[in-house]
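The structure displayed is predicted, hence computed values, not measured ones.
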Amino acid sequence: MLVFEKSRPGRGTSVLPPCEVETVTLPKKDRREKKLHLPELSEGELGRHYSELAKKSHGVNDGFYPLGSCTMKYNPRIDEETANLPGFTEIHPLQPEETAQGCLKVLKFSETYLCEITGMDRMTFQPAAGAHGEFTGLLLIKTYHESRNDTKRTKIIVPDSAHGTNPASAAMAGYSVVSVPSGPDGCVNLEKLREAAGEDVAGLMLTNPNTVGLFDKNILEITKIIHECGGLCYYDGANLNAVMGTVRPGDMGFDVIHLNLHKTFATPHGGGGPGSGPVGCKQFLAEFLPSKLVEGEEVLTFRKPASSIGEMKSFYGNFQVVVKALTYILTLGREGIPEASRNAVLNANYMMFKLKDLYDMAYDQVCMHEFVMSLASLKKETGVSAMDIAKGLLDHGIHPPTMYFPLIVDEALMVEPTETESRETLDDAIEVFRSLYELARLNPESLHEAPVTTPVSRLDEVTAARHPVLRYRFEESL
């Protein structure tokens, strides 16, 4: 039931002190013509309403959350506490720089540490999310070529296993997209890449490890091919959680990178946002970065690069997300950052090994932080699809993994058990996956109806997608 449906006229709670300033009545032309609909509830009823909603949601604080490609991992509470310090919450973006030196230091330290982790030279924190970072990075590439009057470069190469935002971002930046297929091993087909590389290529967008959870063994050859044709290499940092502290994209040959602080560096993801998608680059691209960059030693100040692409967002990005990420980095330190990535890789391989005797692995080899299963044969034999298994997981208190992605794997389920999960949790999840497989063999019809224990049973997803109800209709009498 919605809060508006629980509302009763005259209910409320006195939580605000009496108004101490003069009440001003707006001119009639500035007033609402209809009464503003606000719910009227007592404090107790309001508290129960939100507690009820919390019980109906599922997050990493409720149970296993193996959502692939999104790194839904635990967010340490110390990160939240640091970001809530008055010195970070009670500032204003327009106040004088000399009065916000601590905040400038946060940006400078974060840039220093993240550049060390990624192998880049400079970084901007303006982009608000990963796709926003992709667009920013592509504008850097475009501006670089234009600064050299190299306007013939109109194409961006994107592997067929890429995140869907990659080709979309390239198109938004004004490029045409060239898709390069993967080989049988799940990695980039080098021959097809060489065929696509030419004088009209502005750059390559690549995730490594890639979307099927594999570290491309030919990564140095891949970036070499692009550089030899005059293009630049862009690193999609969505999967950095698998390699942070162990190998640096800058050492692989990448020139530009975006990070997802709201994934890799333990700040809230998705509905817990906002996000932050900082963009790092090598020194030769730094003059094109968005403003403002932090400069100075004793006294810090902002500087706008001479050939800046302009503002990507108001002011300095989602600053408090950066505070949380910096806290995470400082807490883990030089030893903890690579340990986190190694544990993520260990957990993924552990689960994959324990399931591959039943489920078909799309690529049966050592994976990185995530692995992809194909349920194509199970569906052919029993009629139980990847969607059915995913819905069945809900009845066991497990959030479904990514479904039907990457597109190069039929009936795909992508599982990412992050480093924050214990072996006991993984064992429980493995047992659930195995029991669902057996249920698919013995009673496939039951999985077509799953979930049956959740607040909402299986939805008509086609109707929900095509005819969503997004607005509550109030009674005219109100």
With the side chain counted from C-beta on, respond yes when [X] and [Y] share a heavy-atom pair under 4.5 Å apart, and no when they do not.
X: Lys155; Y: Val177; answer: no
X: Lys292; Y: Leu107; answer: no
X: Leu114; Y: Leu261; answer: yes
X: Leu375; Y: Met387; answer: no
X: Arg441; Y: Glu381; answer: yes
X: Leu330; Y: Tyr113; answer: yes
X: Met414; Y: Thr211; answer: yes
X: Met205; Y: Ile156; answer: yes

Closest non-hydrogen atom pair between [X] and [Y], with its separation:
X: Asp62; Y: Ser57; result: OD2-O, 3.7 Å
X: Tyr144; Y: Leu285; result: CB-CD2, 3.5 Å
X: Val279; Y: Pro127; result: CG2-CG, 4.0 Å
X: Gly397; Y: His58; result: O-CE1, 3.2 Å
X: Asp121; Y: Glu111; result: O-OE2, 4.4 Å
X: Leu293; Y: Pro305; result: CD1-CG, 3.6 Å

With Pro249 as partner, the option from Leu206, Leu240, Asp255 fulfilling side chain to side chain contact (heavy atoms under 4.5 Å, CB included) is Leu240
Exactly one candidate in Met123, Lys108, Arg303 meets side chain to side chain contact (heavy atoms under 4.5 Å, CB included) with Val294; the answer is Lys108
Do the rings of [X] and [Y] sit parallel, tilted or perpendicular, given the 30° and 60° boundaries?
X: His163; Y: Phe405; value: parallel
X: Tyr328; Y: Phe265; value: perpendicular
X: Tyr359; Y: Phe433; value: perpendicular

Spatial distance of atom [atom1] ([X]) from atom [atom2] ([Y]) [nearest 0.5 Å]:
X: Ile157; Y: Cys229; atom1: CD1; atom2: SG; result: 6.0 Å
X: His369; Y: Thr418; atom1: NE2; atom2: OG1; result: 10.5 Å
X: Phe135; Y: Lys142; atom1: CZ; atom2: NZ; result: 8.0 Å
X: Leu393; Y: Lys391; atom1: CG; atom2: NZ; result: 11.0 Å
X: Ser377; Y: Asp360; atom1: OG; atom2: CG; result: 3.5 Å
X: Thr165; Y: His132; atom1: OG1; atom2: NE2; result: 13.0 Å

Do [Y] and [X] meet the salt-bridge criterion of a basic N to acidic O distance under 4.0 Å?
X: Lys263; Y: Glu416; value: no
X: Lys56; Y: Glu52; value: yes
X: Lys217; Y: Asp185; value: yes
X: Arg466; Y: Asp460; value: no
X: Arg194; Y: Glu191; value: yes
X: Asp79; Y: Arg77; value: no
X: Lys73; Y: Glu419; value: yes
X: Arg122; Y: Glu295; value: yes

Give a yes or no on whether the backbone of [Y] and the side-chain of [X] come within a donor-acceptor separation of less than 3.5 Å.
X: Gln126; Y: Glu311; value: no
X: Asp216; Y: Asn218; value: yes
X: Ser308; Y: Leu289; value: yes
X: Arg434; Y: Lys354; value: yes
X: Ser435; Y: Val432; value: yes
X: Thr223; Y: Leu220; value: yes
X: Glu421; Y: Leu426; value: no
X: Ser385; Y: Glu411; value: no
X: Asn349; Y: Cys367; value: yes
X: Asp395; Y: Val452; value: yes

Crowded around [X] [atom1]? As in, over 12 foreign heavy atoms under 6.0 Å?
X: Leu85; atom1: CG; value: yes
X: Phe353; atom1: CZ; value: no
X: Lys152; atom1: NZ; value: yes
X: Lys379; atom1: NZ; value: no
X: Tyr350; atom1: OH; value: yes
X: Glu199; atom1: CD; value: no

Practice problem: Evaluate the criterion side chain to side chain donor-acceptor pair (under 3.5 Å) for residue pair Thr154 and Asp200; output intermediate values, then yes/no. | Solution: CA-CA 6 Å; Thr154 59; Asp200 57 352; 5.2 Å; no
Asn343 vs Glu339, side-chain contact (heavy atoms from CB on, under 4.5 Å): CA-CA, chis, key distance, verdict: CA-CA 6 Å; Asn343 285 340; Glu339 181 183 1; 3.8 Å; yes
Residues pairing under ring-ring contact (aromatic ring centres under 6.0 Å, His included) where one sits in residues 172-227, two or more places apart or in two chains, turn out to be none
Exercise for the section: Assess whether side-chain contact (heavy atoms from CB on, under 4.5 Å) is satisfied between Ile219 and Phe254, documenting all intermediate values. Expected result: CA-CA 10 Å; Ile219 190 61; Phe254 288 95; 3.8 Å; yes
Step-by-step side-chain contact (heavy atoms from CB on, under 4.5 Å) determination, Val322 to Ser276: CA-CA 7 Å; Val322 182; Ser276 178; 4.2 Å; yes
Worksheet item: Using a distance-only test with no angle check, is there a side-chain donor-acceptor pair under 3.5 angstrom linking Asn241 and Thr71?
Response: no
Report the C-alpha separation of His145 and Ile141 in whole Å, then their side-chain angles, then the decisive distance to 0.1 Å, and conclude whether the side-chain contact (heavy atoms from CB on, under 4.5 Å) test is met.
-> CA-CA 6 Å; His145 289 307; Ile141 292 174; 3.8 Å; yes
